[in-house]
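First up is the structure itself, then whatever we jot down about it.
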Amino acid sequence: MPLTDETVVAVVGAGAMGVGIAQVAAQAGHEVHLVDAAEGAATSAREKLAATLTRLVDKGKLTSDESAGILERVIIGPAADGDLKELPPVGLVIEAVVEKLAVKHEIFGTLDDEQDESTVLATNTSSLDIGAIAADLAHPERVIGLHFFNPPPLMKLVEVVRTTQSAPEILRDAQALMERWGKTPVLCTSTPGFIVNRVARPFYGEAQRLLEAEVADAATLDFALRELGGFRMGPFELTDLIGQDVNFAVGNSVWHQSDRDPRYEPVAVQRELVEAGRLGRKTGHGYFEYAEGGQPVGVTPDEGRARELVGGPIETDPVARTIAMLVNEGVDLVRRGEATAEDVDTAMKLGTNYPKGPHEWLAEIGAATIVEQLRALDAAFPGGRYRVSPALEEQV
């Protein structure tokens, strides 16, 4: 059964991501059944959604009638407290629960048993193998990834993720549906981190390594990448915003799923923050200290030091070093057939607000320069992290 504008949707998981996805679907005109295993969580999430919609009306972004219609389409039914056997027949289920494979596998097993074989089963996982989630199901061909970015109502990007068994017509339908929801879908293979969370690893990792080597402090490195490199935020302020535990968990998952590839090895400085409970803004301290309300305290970059580093030797240049690794990662992903160059660039600009995509940087800087930079890094820091993608070698 194709996904149409009349398709009934269920969202399993009523946390921030789940309720955001439910809002997007309801705003697009779909009836949405909201479900969460925690008693009362779905009802509470709907109440929070009502408050969100009221604020949008107050800002003039919705009319009162539009707000009422959206809320009316979000249904708290017999399955609301997690009994998926009570979920009525729907055409699309989007799961957005905790990032634990066993939990997701159990949910999809129940959905596979209880829903019609034409129902599309999608996961919003950001880092888990979707093939493993679909393992042992009677109809694995209907399992795909629909990875929304936070907050779903505002972020345009959706990664539409395929496994080796996903039906091509379902993937096409899902992409078309996301477009009708006002999103920009990119298609990729279910590999560690998909596009965004894989290609973005060097943005965090290179700065963390420079910090560990005491090349500069976190505020100075952030200034270099933000003010001199053109990135929307520096890696340290960004991971403090995301949550050090969340960012570390995604990175650790990519590392383990890639057989501990040295490209993705987590950095001790971030692990120590997590172990110490310094998780960023939500705990009041991460790389930086935060006042009540989330404003950083005492953050003073050494702008002179930042300008000295940028344009200097690649080993200590946070901007050139980061971009070279982003290009290498993006090009390698395309070489493996996991996504197109266009989709990689679109994903990185929309999903992370990078000023350019990896292939745009490659065209601007040139393969020869990128390869020379990576070889210099590999010589300075041997071990495989800075190995050059064969796709870049071929262009030189």
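None of the values given here were measured: they were computed from a predicted structure.
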Taking all heavy atoms of [X] and all of [Y], pick out the closest pair and write down the distance.
X	Y	answer
L279	T283	N-OG1, 3.1 Å
A224	P318	CB-CG, 3.7 Å
L71	A50	CD2-CB, 3.7 Å
V74	A26	CG2-CB, 3.8 Å

[X] [atom1]: over 12 foreign heavy atoms closer than 6.0 Å:
X	atom1	answer
D259	CG	no
D58	CG	yes
E342	CD	no
E364	CD	yes
E372	CD	no
R180	CZ	yes
Q395	CD	yes
E214	CD	no

Is it the case that one hydrophobic cluster holds both [X] and [Y], taking links as side-chain heavy atoms less than 4.5 Å apart, direct or via other members?
X	Y	answer
V215	V267	yes
I170	M178	yes
I144	V97	no
I75	V93	no
I370	M325	yes

With the threshold set at 4.0 Å, does a side-chain nitrogen-carboxylate oxygen contact exist between [X] and [Y]?
X	Y	value
R335	E394	no
E31	R73	no
R201	E329	no
E265	R385	no
D112	R142	yes
E237	R226	yes
R336	D332	yes
R387	D378	no

Full working for side-chain contact (heavy atoms from CB on, under 4.5 Å) between L362 and V331: CA-CA 9 Å; L362 175 60; V331 167; 3.8 Å; yes
Short side-chain donor-acceptor distance under 3.5 Å, [Y] and [X]:
X	Y	value
S118	D116	yes
T239	Q270	no
Q23	T52	no
R305	T220	no
Q257	S253	yes
Y290	D240	yes
R46	T43	no
S64	S67	no
D129	S190	yes
Y386	R321	yes
T322	E206	no
Y264	R198	yes

Where at least one partner belongs to residues 337-379, residue pairs that pass ring-ring contact (aromatic ring centres under 6.0 Å, His included), sequence neighbours excluded: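 Qualifying pairs: F203-Y354, F231-Y354, F231-W361.
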Residues N197, S127; criterion side-chain contact (heavy atoms from CB on, under 4.5 Å); working and verdict: CA-CA 7 Å; N197 279 319; S127 61; 5.6 Å; no
Heavy-atom side-chain contact between [X] and [Y] under 4.5 Å:
X	Y	result
E393	S389	no
D136	H105	yes
P296	E289	no
L221	L211	yes
R162	C188	no
T4	E6	yes
T63	V57	no
H30	T7	yes

Heavy-atom donor-acceptor pair, D81 side chain to E39 backbone, under 3.5 Å: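 Judged by distance alone, no pair lies under 3.5 Å.
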Check against side-chain contact (heavy atoms from CB on, under 4.5 Å), L146 and T123: CA-CA 6 Å; L146 288 177; T123 174; over 6 Å; no
Steps toward side-chain contact (heavy atoms from CB on, under 4.5 Å) verdict (D317, L309): CA-CA 5 Å; D317 182 338; L309 293 174; 5.7 Å; no
CA sep, side-chain torsions, deciding dist, call: D245, K282, salt bridge (charged side-chain N to carboxylate O under 4.0 Å, His left out): CA-CA 11 Å; D245 52 340; K282 61 187 175 184; 2.9 Å; yes
Derivation of the side chain to side chain donor-acceptor pair (under 3.5 Å) call for S166 and E141: CA-CA 4 Å; S166 299; E141 72 282 352; over 6 Å; no
